[in-house]
Protein chains: 2
Amino acid sequence: MPRPDPEKVAEAVFAALAEPSRRGILSALAVRGPATATDLASQLPITRQAITKHLELLAAAGLVLAEPGERRRIRYRVNAAPMAMAQSYLAALARDWDGKLARLQRSLDATELDAPAPPSGAAAPEPNTPELNTPAPPSGVTAAEMEWRSK
Amino acid sequence: MPRPDPEKVAEAVFAALAEPSRRGILSALAVRGPATATDLASQLPITRQAITKHLELLAAAGLVLAEPGERRRIRYRVNAAPMAMAQSYLAALARDWDGKLARLQRSLDATELDAPAPPSGAAAPEPNTPELNTPAPPSGVTAAEMEWRSK
DNA sequence: TTCTATCGCAACCAGACAGTTGCTATAAGC
DNA sequence: GCTTATAGCAACTGTCTGGTTGCGATAGAA
């Protein structure tokens with residue numbers, strides 16, 4: 001299993017968290033513990049199918065883990081691991097954009113941030129995006145973010 | 001001007017960063033400095049209008065600031081301030097989940113119980129969402145995330 | 001004045017997406 | 001066996017979104 005692209009992970013996390021229904025699902029799981037889609041559908045004002053769809057996306061982002069239980073039951077529980085990558089990504093962006101604010105931020109979040117600072121230069125551009133013409137930023141932000149969706 | 005809802009700010013930041021084109025725009029601005037939509041359109045493989053749309057969203061999220069210049073020129077520059085809120089939000093989530101996860105793991109290892117008692121009391125549901133019945137997490141995550149889009 | 005550079009408004013399009021409903025399959029429990 | 005609980009597959013719908021093209025307006029510069 002190759003190491004996941006931090007930016008892709010961050011993107012998935014951001015997309016997941018940008019949607020209120022999904023934050024609601026995550027919150028319900030965090031507060032009440034692992035639950036099935038049916039459980040969640042009884043707790044939240046959307047249907048089981050909608051919940052399932054969201055859970056699939058959340059699982060793809062790594063923010064929930066599916067654990068098969070008794071019968072056909074599948075319980076989902078929250079998983080904080082991808083958050084670290086998303087946090088790193090944000091921290092790197094903030095640091096890059098505004099050195100002063102980033103330093104302040106670092107001092108404020110010194111106890112929360114557990115990801116090491118990405119001090120290295122830009123990663124190599126992905127070979128499958130040849131139309132990229134924006135040079136990679138000197139920070140951890142990679143040229144991969146120049147990847148445009150091919151339609 | 002009332003204090004912006006941290007969760008709303010974070011949501012806007014996440015939505016902005018979840019999209020590769022917008023990350024590309026932000027990167028171009030960060031690397032090359034303030035630019036107009038027309039500048040950016042010449043640097044990136046999408047049209048000026050598309051750029052403009054993205055810039056509007058980025059401005060709404062506070063991630064870019066528009067600075068009118070000479071003629072009709074409007075240059076946009078990156079603004080890191082909202083990142084702090086997004087980072088705080090992520091940090092609070094990660095901290096909250098990790099804590100529960102650790103307790104949950106211990107509980108699972110011991111008894112296989114699936115529903116540990118919630119450690120804190122529930123926040124009052126918002127009066128405009130009477131169907132909400134998920135208690136707010138004890139962290140900075142508010143019941144506002146229970147807000148469902150009204151269609 | 002004309003020319004150049006940039007912007008804004010508008011319409012259009014295809015695909016994505018959040019949510020719904022209907023139905024069937026499966027895994028137990030009784 | 002029947003019943004119950006949960007999941008999966010599928011289709012559908014309306015809205016949203018990323019991107020395009022066309023056109024005109026505006027602010028200077030020459």
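Quick caveat: nothing in here was measured; it's all calculated off a predicted structure. Labels below follow one simple rule: chain letters A, B, ... track the order of the sequence lines, proteins then strands, and each chain is numbered from 1. Side chains included, hydrogens not; waters and symmetry mates left out as well; all remaining heavy atoms used.
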Check: S88(B) side chain, A84(B) main-chain N or O, donor-acceptor pair, under 3.5 Å: yes

Length of the CZ-C1' vector between R73(B) and dA25(D), whole Å: 16 Å

Residue A50(A), side-chain heavy atoms: nucleotide from dG18(D), dA5(D), dT20(C) that is nearest: dT20(C)

Rounded interatomic separation in angstrom, taking CD1 from I51(B) and C1' from dT17(D): 15 Å

Side chain R22(B), main chain A15(B), donor-acceptor under 3.5 Å: yes

Touch class at under 4.0 angstrom, heavy-atom based, for T47(B) against every strand present: base

Between the protein and nucleotides 9-12 of chain C, list every N/O to N/O distance that falls short of 3.5 Å.
residue: dC9(C); atom: N4; partner: Q49(B); partner atom: OE1; Å: 3.3
residue: dC9(C); atom: N4; partner: Q49(B); partner atom: NE2; Å: 3.1

Nearest-0.5 Å distance that lies between atom CG in L17(B) and atom CG in L26(B): 6.5 Å

Nucleotide dA7(D), atom P - distance to CZ of R75(A) in whole Å: 9 Å

E70(B) CD to dA27(D) P, straight-line distance once rounded to whole Å: 14 Å

Closest-nucleotide 5' rank along DNA chain D - winner of A37(A) and A15(B): A37(A)

Nearest-Å distance for atom pair CG/P, residues L40(B) and dG18(D): 16 Å

hbond_proxy R71(B) side chain to dT4(C) base (donor-acceptor, 3.5 Å cutoff): yes

Check: D96(B) side chain, L93(B) main-chain N or O, donor-acceptor pair, under 3.5 Å: no

Protein-nucleotide distance (Y76(A), atom OH; dG8(D), atom C1'), rounded to Å: 11 Å

Check ion pair E56(A)-K53(A) (N to O, under 4.0 angstrom): no

hbond_proxy R72(A) side chain to dA25(C) base (donor-acceptor, 3.5 Å cutoff): yes

Nucleotide nearest I46(A) (side chain, heavy atoms from C-beta), chosen from dG19(D), dA18(C), dT20(C): dT20(C)

Euclidean distance, atom CZ of residue R23(A) to atom P of dA18(C) [Å, nearest integer]: 12 Å

Residue D39(A), side-chain heavy atoms: nucleotide from dT6(D), dC7(C), dA18(C) that is nearest: dT6(D)

